[in-house]
Amino acid sequence: MIIDQQEHFRFWEQASIRDIHVERAILAKGERTLFTVQSSSFFCLKRGNVLVLLNQNTYSINAFEIIHAPPKSLFEVNAGSDGAEYILISYKAERGPSYGDESMFVDERRYPTHVTYRVTLTQPMMLYEIADRMLEAQQQEAPSVPLQLKASFYQWVYYLVEQYYLQPLVVKVTSPVELVIQTLEYLLQNYAKPHTLDSLAAAMGRSPGHLSNCFKQVLNRGPIDCLIRLRMQKACKLLARNKASLTNDCIGYWVPGCLLFQQRLQKVYGNFTAEVS
């Protein structure tokens, strides 16, 4: 779900925030941890990469990425080959009163506190410095600590929401299935272009490794393999309809090497190409 920008800022302007809690965790290579958050939480990866199972959905999270989880969320965090370090910021927020006739979030399930969304930070150090300050303040016993935490949290969430709307639209997609669907829709419109894994990942606003992992998780094959199959389907339809030459169609669909293309077609479709060429 993508949150409307105006509603998002207005919610935080009117929300009452309490029970802010910040904690840091370090995971060794391959280490796995499970926990449930009772209140809304931001999972902020500071170092390394992790595979997160969140409410039965899987996410590949890299350093300087943040994912928001609604209350009662179950996390399973699996550290990668370099280990990982993350900060978890939990909070409770209640909708404040509306001003005048303004309406905001008729359905509580649309509150930013109750949805899962992801942010790839363009200016990560600012947010992590504020998070470190909250960690330090939390360790003190002064009566001003709750106010310090609340002041820092409002500043932190302002920068987070701002960066959420600066990132490419596709980055806001949190589910691997949604990302795969959007990538396939993009390929349907651009299958004749000379794609590589790197260029395709750049077009979708993700790292090559993350895009490849999502495709293998959802379809059990990589994005370039899906692209090749799509091109073969398009070429076979043309060959069957137009009785065109294999060479012309091969060039038209930007397939590097007609012999290789014919071999791939025959592997998938048998002697179809021999019958129509």
Side-chain angles (χ1 to χ4, degrees), residues 1-3 17-94 108-121 124 127-128 130-139 149 152-153 156-157 160 164 171-181 206-207 209-220:
M1 175 179 174
I2 299 175
I3 311 167
I17 309 297
R18 58 186 176 86
D19 297 344
I20 301 168
H21 179 75
V22 188
E23 60 182 271
R24 174 189 281 121
I26 297 176
L27 302 178
K29 173 184 177 180
E31 186 175 354
R32 172 175 170 265
T33 183
L34 291 91
F35 57 89
T36 299
V37 293
Q38 297 302 316
S39 55
S40 304
S41 301
F42 291 101
F43 178 90
C44 320
L45 191 62
K46 191 172 185 179
R47 176 178 58 83
N49 59 81
V50 295
L51 193 66
V52 174
L53 181 64
L54 173 60
N55 299 329
Q56 299 184 340
N57 289 311
T58 305
Y59 306 96
S60 177
I61 308 294
N62 299 308
F64 304 137
E65 288 188 320
I66 295 175
I67 191 165
H68 180 270
K72 310 292 185 182
S73 290
L74 174 62
F75 276 87
E76 178 185 320
V77 182
N78 299 273
S81 58
D82 297 325
E85 178 182 355
Y86 68 84
I87 296 174
L88 189 70
I89 302 176
S90 301
Y91 67 95
K92 291 181 180 178
E94 296 177 356
E108 183 177 302
R109 291 172 298 180
R110 295 180 58 221
Y111 286 9
T113 55
H114 286 67
V115 299
T116 301
Y117 60 92
R118 180 177 186 156
V119 186
T120 299
L121 302 175
L127 281 142
Y128 285 105
I130 298 173
D132 287 339
R133 290 205 302 267
M134 287 193 282
L135 278 167
E136 293 175 5
Q138 189 173 257
Q139 295 170 1
L149 285 174
S152 294
F153 180 83
W156 188 89
V157 82
L160 178 79
Y164 174 74
V171 177
K172 301 171 190 175
V173 174
T174 56
S175 166
V177 174
E178 289 180 291
L179 178 60
V180 168
I181 290 173
R206 294 298 175 88
S207 69
H210 175 72
L211 184 65
S212 180
N213 288 340
C214 288
F215 264 78
K216 290 176 181 178
Q217 175 190 331
V218 176
L219 299 177
N220 199 31

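Reckoned from all heavy atoms, side chains included, excluding hydrogens, waters and symmetry mates.
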Search all heavy atoms of [X] against all heavy atoms of [Y] and return the closest pair with its distance.
X	Y	result
Leu149	Met134	CD2-O, 3.4 Å
Val37	Pro70	CG2-O, 4.0 Å
Tyr117	Pro112	CE2-O, 3.7 Å
Gln38	Pro71	O-CB, 3.5 Å
Ala131	Val22	O-CG1, 4.3 Å

Within-4.5 Å side-chain heavy-atom neighbours: [X] and [Y]:
X	Y	result
His68	Ile66	no
Leu121	Leu160	yes
Leu27	Thr33	yes
Gln217	Val180	no

Just distance, no hydrogens or angles: give the donor-acceptor pairs under 3.5 Å from side chains in residues 40-51, sequence neighbours left out.
unit_1: Ser40; atom_1: OG; unit_2: Thr113; atom_2: O; d: 2.9
unit_1: Ser41; atom_1: OG; unit_2: Ser39; atom_2: O; d: 3.0
unit_1: Ser41; atom_1: OG; unit_2: Ser90; atom_2: OG; d: 2.9
unit_1: Lys46; atom_1: NZ; unit_2: Asp132; atom_2: OD2; d: 3.4

- Task: Could you list all the salt bridge (Lys or Arg N to Asp or Glu O under 4.0 Å) pairs where at least one residue sits in residues 67-79, not counting sequence neighbours?
- Result: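 Pairs touching residues 67-79 that pass the test: Arg32-Glu76.
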
- Rounded distance [0.5 Å steps], CG in Leu34 versus CZ in Phe75: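 Result: 11.5 Å between the selected atoms.
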
- Query: To the nearest 0.5 Å, what is the distance between CD1 (Ile130) and OG (Ser152)?
  - Reply: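 If we round to the nearest 0.5 Å, Ile130:CD1 and Ser152:OG are 7.0 Å apart.
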
- Parallel, tilted or perpendicular: which describes the rings of Tyr91 and Phe153, with under 30° parallel and over 60° perpendicular?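 Tilted, since the angle between the ring planes falls between 30° and 60°.
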
Distance-only donor-acceptor hits, side chain of residues 79-89, under 3.5 Å, sequence neighbours excluded:
unit_1: Glu85; atom_1: OE2; unit_2: Arg24; atom_2: NE; d: 3.0

- Kindly indicate, with the supporting measurements, whether the criterion side chain to side chain contact (heavy atoms under 4.5 Å, CB included) is fulfilled by Asn55 and Leu74. CA-CA 5 Å; Asn55 299 329; Leu74 174 62; 4.3 Å; yes

- Can you name the residues that form a side-chain contact (heavy atoms from CB on, under 4.5 Å) with Phe64, not counting sequence neighbours?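 So Phe64 forms a side-chain contact (heavy atoms from CB on, under 4.5 Å) with Pro124, Met125, Tyr128.
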
- For Ser212, what residues pass the side-chain hydrogen bond (donor to acceptor under 3.5 Å, both in side chains) criterion, not counting sequence neighbours?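 Result, side-chain hydrogen bond (donor to acceptor under 3.5 Å, both in side chains) vs Ser212: none returned.
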
- Excluding sequence neighbours, so at least two apart, what forms side-chain hydrogen bond (donor to acceptor under 3.5 Å, both in side chains) with Gln138?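 Per chain and number, Gln138 pairs via side-chain hydrogen bond (donor to acceptor under 3.5 Å, both in side chains) with His21.
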
